[in-house]
Every structure is written in structure tokens, then in C-alpha cells.
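Please read these numbers as outputs of a predicted model, since none were measured by experiment. Hydrogens, waters and symmetry mates are skipped; everything else that's a heavy atom, side chains included, is used.
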Amino acid sequence: MKVRRKFGGGCGGDVVVTWRTFFWFVVLFVFSFVLFSTMFVFKGKFRPVVRSTISFSTARAVLGESVTPSPVVSIREAVKLPEQTLVFLKHPRSLRLFTKDDLLCVFSGDKKLRKEHPTAVDIDKHGGQIVRCPETPRGYTISLAVSRWTTDDHLPSGPTHRWDWLVYDAVIDYDNSTVVFVKGLNLRPGRVADVSRYECVYGWDFAKRNRLIRSNVISAAQEIVRCRTPLAVLDGPKLAHGPVKVSVRIKGGTGMLPSIAQPGRIINPPLRKKPFEMCVCTMTRNAATVLREWVIYHAGIGVQRWFIYDNNSDDDIIAEIKDLENRGYNISRHFWPWIKTQEAGFSNCAIRARSDCDWIAFIDVDEFFYIPSGQTLTNIIRNYTTSEQIGEIRTPCHSFGPSGLRSRPKDGVTAGYTCRVVLPERHKSILRPESMNETLINVVHHFHLRNGFTFADVDKDVMVINHYKYQVWEVFKEKFYRRVATYVADWQNEENVGSRDRAPGLGTRPVEPPDWAERFCEVKDTGLRDRVLEKFKDSKTKRLVWEKEEDEVRVIMGLMDHSRIARKIK
């Protein structure tokens with residue numbers, strides 16, 4: 001039986017609709033609504049675009065597709081350093097990360113426009129990206145453009161800061177204090193400053209003075225300020241405002257420093273049983289050619305974890321670190337672009353390593369621990385730390401010279417350089433992280449310790465560091481680029497020319513002395529070389545394990561394949 005309804009009136013007379021027709025009309029309406037709503041949502045979710053200040057019509061023409069509300073990539077800020085400018089991108093996690101080929105550095109000034117590709121793109125610790133652009137010319141401003149754009153539109157530039165007057169990094173320590181890394185306070189090396197002169201300032205927008213949170217300073221020394229972290233910051237950033245920043249204000253002086261530092265918790269509280277007994281931290285630049293030997297050798301004497309602080313490398317160090325990771329070495333790279341900050345970087349590393357490592361050594365990639373007895377590093381540490389009061393072990397260094405060589409030794413520095421200066425120079429440290437003074441003061445070679453801790457000196461007959469300090473000229477001249485230590489003069493500067501931080505008899509220009517290959521050769525020392533040839537040479541290939549034989553084989557096989565293909569074509 002059909003049930004009918006009448007819709008009366010109108011010139012067409014009565015319209016009769018069955019219930020079945022009415023039912024299917026409702027179903028079709030609901031289905032259409034759901035379908036179009038889903039398409040709208042998923043289009044916005046899976047097809048985001050990079051938005052800039054350009055209009056919607058221009059963006060549609062440039063990108064070749066309709067523009068919908070989406071996550072936005074923008075420039076947070078930039079920092080001018082000598083020879084490069086860092087551009088910090090605010091990059092939503094839902095978008096694909098940029099490569100250096102995706103972007104252009106745009107320099108604008110006096111009606112002129114220059115575009116260059118960045119030298120590298122890194123990921124920062126908050127999920128954004130750091131674009132390394134060439135140095136910004138004087139009088140120009142910097143911004144970025146996506147390389148596929150065909151117009152002169154680019155992302156808004158954001159504020160630009162000086163590298164030497166800046167709060168550049170911050171971390172919340174395991175005791176909930178904030179450790180702030182600062183350039184520009186000009187505090188004296190190895191000295192604790194008067195904390196009453198400073199205060200820490202937290203906020204989402206430093207221009208809004210009534211919304212800032214002020215906090216007392218616990219300690220201040222060299223380039224590091226430790227603050228009491230406000231509870232509002234510990235509870236986490238308020239999403240409505242964006243990430244919180246921290247700065248330092250000089251009371252009664254030059255005011256508050258600009259800041260790019262977003263404090264985050266990069267470490268967990270120290271565990272009773274840590275995963276690694278022995279770790280190593282280094283700060284380096286362009287060390288791809290020597291890193292493999294340095295890591296594999298130290299793994300052979302007991303190192304389990306490596307922290308590499310990369311100070312603006314432009315070689316293949318990222319690929320080298322990835323290869324070592326794939327081979328099972330627990331190694332991580334931390335991009336640290338701040339120049340003249342080695343002490344601060346080591347303090348940052350000590351904080352990072354505290355939850356993972358019982359002991360951590362601070363050495364350069366041209367320094368190798370040598371233990372004549374064949375023991376491991378952990379054996380030596382246990383022998384010298386029978387007392388819980390020992391917080392640091394200091395190892396003397398022997399400085400090696402070019403040893404008569406005029407080109408880089410193909411089998412590595414440990415087997416190639418065998419001639420050194422007679423007397424040891426200084427020392428380097430292996431640190432128990434819990435023993436660090438809260439100021440984190442260090443002078444690269446050793447840290448200041450907490451009350452109740454002391455250090456132990458290792459006898460040079462038990463363990464020494466072979467420091468391949470004066471290598472062949474093609475390697476050594478790279479030292480003229482810039483010193484990484486904060487309080488050590490650069491090679492080109494006419495400052496402290498006669499100090500131990502300089503090569504004796506060498507001036508301030510990278511000009512090779514005629515007798516360079518024979519210098520610094522006062523005693524023949526083949527101890528580490530003999531140990532390396534005994535322990536690290538492959539019995540089948542007769543090569544040291546860090547020599548890249550497989551790479552050479554790949555090249556040869558590639559050439560053979562190419563030759564076969566060429567013969568077939570003929």
C-alpha cells in the first residue's frame with residue numbers, strides 16, 4: 001500500500017510524493033553533505049602550501065593550485081655571523097622539510113636584489129629549520145624564497161640580530177633551573193660574576209613589557225647564566241602565545257639582550273645505572289676526513305658514545321656520521337653554529353651527557369688516548385677513582401709534528417705521524433658529570449668542580465694523549481680559519497703571538513715555512529703507531545680498519561660496468 005502526501009496550491013495543481021521517494025531524497029542529501037565535507041577537510045589536511053605575504057590571487061598563479069587555509073612556514077628571525085647568516089624557520093611538523101635546493105637566500109638593498117642558494121639546511125631542536133645563507137652584504141636585508149617561485153615574492157624577513165650580542169641557546173637542567181648561553185656579557189674567563197647585576201626575563205613577546213616574567217640569577221660565569229625557572233615556564237608553553245623565550249637583562253646598564261633561545265628540556269634526571277660508562281664530546285669543523293679513524297680507534301679502547309658538536313662544517317661530515325651510525329656506533333651530531341664558544345659548547349654537552357654517561361672525555365678530533373699497557377679507558381678510570389671524591393681525571397698531552405711528511409698520510413694520523421716535542425703540553429679531562437660546579441666553568445682543558453670533589457693526574461707512562469697538533473701544511477693551515485675557544489686569539493690577530501696557543505716561530509699569516517715538514521721533531525715516538533698496526537690492521541686486506549677500501553672497490557666496479565656498457569653500445 002502506498003502512502004501519499006499532497007502538496008497543494010500553485011498553478012501546477014497538486015503534487016503527489018510517495019514516502020519512498022521522500023526517504024531516498026533525504027538519504028541522497030545526507031550522503032552529498034558528508035562527501036563534500038570530507039573532501040574539503042582532507043584537501044586542507046593533505047595539500048598544505050607555504051604561505052607568504054603575497055595575495056591569494058598571486059599565490060594561486062605562482063603555485064598553480066587553489067589556496068586553502070594551511071600550516072604556515074615563516075621566518076622566525078635571523079642572526080648575522082662572520083661569513084654567513086643563519087635564518088631560523090618556523091616550520092610546522094605537518095609539512096615536508098626543506099632541502100637547500102628548495103630555497104633561495106634573498107638579499108635586498110637600495111633597489112637591488114641578489115639571490116643565492118643556501119650552503120646547508122639544518123633542523124633545530126624544536127623541530128624548525130636553520131638555513132645557512134652566505135654572508136649578508138652591508139646595507140642589505142635578508143629573507144627567503146622558495147626556489148619554485150617565479151616572482152620576486154619571498155617570506156617576510158623577521159628580526160635580524162648580531163651574533164656577538166645575543167642570548168643564543170638555553171636548556172632546562174635536571175634540577176629545573178634554566179642554563180642560558182649568552183654572547184656579549186664579556187665576563188672574565190674562569191671567574192664567577194656578581195649575580196645581583198643580572199636577571200633572567202621570560203616571555204612570548206619581549207616588546208610587551210607588561211607580559212614578561214622576571215627571575216633571579218643563580219650563577220653567572222664566562223658566557224653562561226643559570227636562572228630560577230618560573231613555574232609558568234616549567235608547566236609548558238601556552239599554545240595561544242607560541243614558544244616562550246628567555247633573555248638576560250643587565251641591571252642599570254645596557255638593558256635586555258636580544259634572544260632567540262627557547263628553553264627546552266633536553267635531558268632526563270640522571271639514572272642510577274647509566275647506559276654508557278665512557279663517552280666522548282668534541283667540537284669540530286670540517287672533520288669528515290679524520291672522524292672515521294678517531295671514532296673507530298676510540299671504540300677499540302672502550303668509548304661507547306660520541307657527541308659531535310658541528311661548528312659550521314661544509315664538508316661531508318653529516319654523511320660520515322650517518323655511515324658510522326649505520327655501522328653500529330652510537331654517535332650523534334649537534335649543530336652548534338656559534339663561533340668562539342667552545343667552552344659553552346662543552347658545558348652544553350656535559351649537561352646533555354649527564355643522564356647517559358658515567359664519564360665523558362673532552363678532546364679534539366686530532367687527539368687520541370694512548371695507553372701503552374693495552375688496557376681500556378674504563379680500566380684506567382677505575383684504577384684512578386677508587387675514591388668517590390674523584391670527579392675528574394687529567395691526562396697529559398704530547399704534541400706531534402709533520403714527521404717529515406708533505407702530504408696527508410693515507411693510512412691515518414696515528415700511523416703516519418711519529419715525531420713529537422719532548423715535553424708534554426697541558427692536559428685534557430675526563431669528567432664525572434655530577435661533579436661539575438653549577439657555574440659550568442671550564443677552560444676547555446678542565447672543569448671547575450663542586451665542593452667535595454677533586455681531580456686525579458694520570459702519570460704519562462700510564463696514559464697520554466697523542467695530540468697531532470702540527471700536521472702537514474695542507475691540514476694545519478685550516479687552523480687559520482678561526483679558533484673555536486672563546487678566550488683564545490684567532491691566528492690572524494696580532495695578539496698573544498708568543499703564547500702556547502700559537503705554533504712556535506709561526507706568524508699570523510697562513511704561509512708555509514720552508515722547513516715545516518721537519519719542525520717539532522725532537523723525539524721519535526712510534527708507540528701508538530705500533531699499537532694501531534697490531535690491533536687495527538685487517539689480516540686479509542692488510543689495511544687499517546678505517547681505510548675506505550670498499551669505496552675504492554665501488555668506484556672500480558662502477559668504471560668496469562661503464563666500460564662493459566660502452567663495449568655493448570659499440
Legend entry - Over 12 foreign heavy atoms within 6.0 Å of NZ, K125: yes
Legend entry - Side-chain touch I172/L234, heavy atoms, less than 4.5 angstrom: yes
Legend entry - Student check: side-chain heavy atoms of V248 and V180 closer than 4.5 Å: yes
Inset, instruction - For D316, look at atom CG and say whether over 12 heavy atoms of other residues, nucleotides or ligands are found less than 6.0 Å away. - result: no
Legend entry - Candidate list V295, V280, V290, test side chain to side chain contact (heavy atoms under 4.5 Å, CB included), partner V365, passing option: V290
Legend entry - Sub-4.5 Å side-chain heavy-atom contact between V131 and F88: no
Inset, instruction - Determine whether P372 and D461 make a side-chain contact, defined as any pair of heavy atoms from C-beta on separated by less than 4.5 Å. - result: no
Inset, instruction - Keeping to residues at least two apart or across chains, list the disulfide bond (SG atoms under 2.5 Å apart) pairs with something in residues 363-394. - result: none
Inset, instruction - Please report the shortest heavy-atom distance between N311 and W336, naming the atom on each side. - result: ND2-O, 2.8 Å
Legend entry - With sequence neighbours excluded, residues passing side chain to side chain contact (heavy atoms under 4.5 Å, CB included) with V195: V217
Inset, instruction - Evaluate the ring planes of F476 and Y470, with Trp represented by its six-membered ring, and classify them as parallel (under 30°), tilted (30 to 60°) or perpendicular (over 60°). - result: tilted
Legend entry - Residue pairs involving residues 158-168 (criterion side-chain hydrogen bond (donor to acceptor under 3.5 Å, both in side chains); sequence neighbours excluded): R162-D164
Legend entry - Side-chain heavy-atom pair P118, K100 within 4.5 angstrom cut-off: yes
Legend entry - Shortest non-hydrogen contact from V73 toward F98: CG1-CE1, 3.8 Å
Inset, instruction - If the plane angle is over 60° it's perpendicular, under 30° parallel, otherwise tilted; pick one for Y468 and Y417. - result: tilted
Legend entry - E135 CD: over 12 foreign heavy atoms closer than 6.0 Å: yes
Legend entry - N-O pairing of D314 and R132 below 4.0 Å: no
Inset, instruction - Not counting sequence neighbours, which residues clear side chain to side chain contact (heavy atoms under 4.5 Å, CB included) with N379? List them please. - result: Q375, T376, R382
Legend entry - Ring geometry between Y329 and W306 (parallel below 30°, tilted from 30 to 60°, perpendicular above 60°): perpendicular
Inset, instruction - Compare all side-chain heavy atoms of D457 with those of Y384 and state whether any distance is below 4.5 angstrom. - result: no
Legend entry - Presence of salt bridge, K428 and E367, under 4.0 angstrom: yes
Inset, instruction - Work out which heavy atom in G302 is nearest to a heavy atom in T378; give both atom names and the distance. - result: O-CG2, 4.5 Å
Inset, instruction - Using ring-ring contact (aromatic ring centres under 6.0 Å, His included) as the criterion, list what pairs up with F362, not counting sequence neighbours. - result: F346, F447
Inset, instruction - For R228 and N176, test the side chains for any donor-to-acceptor distance below 3.5 angstrom and give the result as yes or no. - result: no
Inset, instruction - List in chain and number order the residues that pass side chain to side chain contact (heavy atoms under 4.5 Å, CB included) with H446, two or more places apart in sequence or in another chain; answer none if no residue qualifies. - result: E392, R394, H427, S429, V443
Legend entry - Test item: D122 and Q129 side chains (from C-beta on) under 4.5 Å apart, heavy atoms: no
Inset, instruction - Could you tell me whether D411 and K537 have a side-chain N and a carboxylate O separated by less than 4.0 Å? - result: no
Inset, instruction - May I ask you to check whether D101 and T99 show a side-chain donor-acceptor distance below 3.5 Å? - result: no
